[in-house]
Amino acid sequence: MATAMLAADEPERARTAARRARSVFSRQGRGWHEARARLIEVRAGLLAGRRVSLSRDALPTAQALHLERADEAPVALTAAGRIASGDERLQLWRRAATYRHRPNGLVRASAYLAGALEREECEDRGGVLRACGAGLDAIDEHRRLMGSSELRALATTHGRELTEIALRHAAHEPRSLLRWSERTRATALAQPPATSDAATIPASLAALRDNGRRLAEARQAGEPTEDLEKERLRLERAVRTESHTQSAADTDPQRPATAEEIVAGVGDGCLVELVDVDGTLHVLVVHNGRVRRRVAGTTAEVNDLLGPASMLLRRASRGRPANTADIGRRLQEAILGDAARLIPDGPITLAPTARLHGLAWSLVPTLHDRPFSVVPSAGQWLRAREVRRPTPRRTLLVAGPNLESGGAEVPVLARRLADAVLLDGPQATVADVLAALDGADLAHLATHGRFRADSPLFSSLDLADGPLTVHDLERLTTAPYRVVLSACESGVLAPVGAQELLGLAAALFSIGTAGLVCSVAEVNDAATAGLMVGLHDGLVRGDDPATALLHVRRAAAADPVAAGTAAAFVALGV
């Protein structure tokens, strides 16, 4: 329990649970367990800022675990070093660094963290960055053992402090900051997805889907749902457990892109990458062979603006007046600051921090009237540009149930795109949609979407026989080249680990989709139908999704509801 509370960033609860466990283990004479409970108590106390009260326990705990040569020893020695001072601190960190040759990747990462702290204390910037790089390599090795995309993303949490230290020491040199930003963001998306166990995963997902259908029917009829909710939780645990036991794919993940590769790839275009360095946003503008850096606002200032921006879009989706000009100006100042003056005319590729992926970026004045696309990382953008479009180019149109507009754009698109595969009504089942999605050139899914912040891999799209989840999408053999998701919040991604993302869009990127159009807020169903027809008109003309969305925003400007709905859509990838 203490370990779980520590992972959930609740240090006081972790400290209380660890103290209770330590007391019980002591009475039972179980010294091995008592020492580890004491270590968690020390770590929780440090996180809660209780350094003075920990001086009595931290050093004896570290010494005891070091004498055992325990895997936890570098963590304990590092914690003791944070409380000590002077030469004793350096000695403790140097002792922890000796564990860097252990076979376990997490143990090595802990040892390299101690080495980075020791080099930082000695003002050796090069030594700090070398230690951080080696520690992150160890985390990558640990992550590659996992088949579950959820576990891979969460595993990067172990490297969060290494990431923070590296970015701090790279911050004043733009190309170095770009390199380290790319080294530490969206790394899980670069790892090829594992192949699911076809004999078990579909059965549990089918049961969960049936449960979702019955839950929806019970809610609509006003019937009790308590037993069905309990069943849903049980089935979700089963699916998650099966996912977590998947073996990793045999192929190696893509290596992070170098600063030189990114600069060359951008060419005369423009990439804007946002980097959180100790709670302050640094803005990197890559254009014409140069990387320039400016410092914008704090992440706290930006976070305070995200709620009001989302509320205004929600008002617009419900047909209420929503003046977004003021919030847009404040967002631009906090997120871009003086860097807005460095951005040239023309299209932009934007790589925000994980926390900012859910922003409706067209609210920002400098972006509103130009094509822009949003990507998890510059490396992912470069990989997306290399994806080959399938031949022949097959289009899929799907209309899900219970839409206010009835998926009104789908019949219109079906008449205009005569060769498209159409799945609507009872034909829009999960199995049929997945089969048609596999290898499609363009897929348009007009369905209700549900983002699950508590468990992003159960974010879903509503189909005729129940929800299509991220777990389903990860089973595709060949990713669709481009996808349009017209559902509410279909593009919302959960920031997890150290700058990682989970959700429907992240799943599609990880399997090789090059580009998506999706929403990051509530949208008005009726307005969406017209906007989507305009979007496809642009795609048929040969526009990329970012340019097609720009034309949609311009066409919707005179209608407040349509304009608010258009602002909620973003182009991801290429």
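In what follows, residues are counted from 1 in the order of the sequence shown. All values reported here derive from a predicted model rather than from experimental measurement.
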Q: Kindly indicate whether the side chain of T156, heavy atoms from C-beta on, has any atom under 4.5 Å from the side chain of R160.
A: no
Q) Are the side chains of V484 and L442 in touch, meaning some heavy atoms are under 4.5 Å apart? A) yes
(Q) Would the distance check show the side chain of E261 and the main-chain N or O of T258 forming a donor-acceptor pair, the cut-off being under 3.5 Å? (A) yes
Q.
Check whether S110 reaches the backbone of L106 with its side chain - one donor and one acceptor, N or O, closer than 3.5 Å.
A. yes
(Q) Give me the atom names and distance for the closest heavy-atom approach of L437 to L396. (A) N-CD2, 3.8 Å
Q) Is the backbone of T353 close enough, under 3.5 Å, to the side chain of D276 for a donor and an acceptor to pair up by distance? A) no
Q.
When you compare the side chains of T469 and D472, does any donor N or O come within less than 3.5 Å of an acceptor on the partner?
A. yes
(Q) Looking at T447, is its backbone amide N or carbonyl O close enough to the side chain of D462 to form a donor-acceptor pair, meaning the two atoms are under 3.5 Å apart? (A) no
Q: Show your reasoning for whether side chain to side chain donor-acceptor pair (under 3.5 Å) applies to T429 and D432.
A: CA-CA 5 Å; T429 64; D432 287 343; 3.3 Å; yes
Q: State whether the side chain of T513 and the backbone N or O of F509 hold a donor-acceptor pair below 3.5 Å, judged by distance alone.
A: no
Q) Donor-acceptor pair, R152 side chain versus G147 backbone, under 3.5 Å? A) yes
Q. Of the non-hydrogen atoms in V570 and L359, which two are nearest, and what is the gap between them?
A. CG1-O, 4.3 Å
Q) So, do T395 and V421 sit near enough that their side-chain heavy atoms are less than 4.5 Å apart? A) no
Q) Hey, does the side chain of Q499 reach the backbone of A354 with a donor-acceptor pair shorter than 3.5 angstrom? A) yes
Q: Taking the side chain as every heavy atom from C-beta outward, state whether V520 and W361 have any pair of such atoms under 4.5 Å apart.
A: no
Q: Evaluate the criterion side chain to side chain donor-acceptor pair (under 3.5 Å) for residue pair R143 and T187; output intermediate values, then yes/no.
A: CA-CA 10 Å; R143 193 189 66 233; T187 56; 3.2 Å; yes
Q) Are K230 and L228 side-chain neighbours, meaning at least one heavy-atom pair lies under 4.5 Å? A) no
Q.
Using only atom types and a distance under 3.5 Å, with no angle test, would you say the side chain of S243 pairs donor to acceptor with the backbone of V239?
A. no
Q: Rounded to the nearest 0.5 Å, what's the gap from CD on E68 to CH2 on W32? Could you check?
A: 8.0 Å
Q: Please work out whether the ring planes of H158 and H142 are parallel, tilted or perpendicular, with thresholds of 30° and 60°.
A: perpendicular
Q. Under the 3.5 angstrom rule, does the side chain of R108 hit a backbone N or O of P103 as a donor-acceptor pair?
A. yes
Q. Is the shortest distance from a Lys or Arg side-chain nitrogen in R213 or D465 to a carboxylate oxygen in the other one below 4.0 Å?
A. no
Q: Examine distances only and state if a side-chain atom of S455 and a backbone atom of F458 form a donor-acceptor pair shorter than 3.5 Å.
A: no
Q. Do other residues, nucleotides or ligands put more than 12 heavy atoms under 6.0 Å from the CZ atom of R43?
A. no
Q. Is the NZ or CZ atom of R69 positioned over Y99's six-membered ring, under 6.0 angstrom from the centre and within 45° of the axis?
A. yes
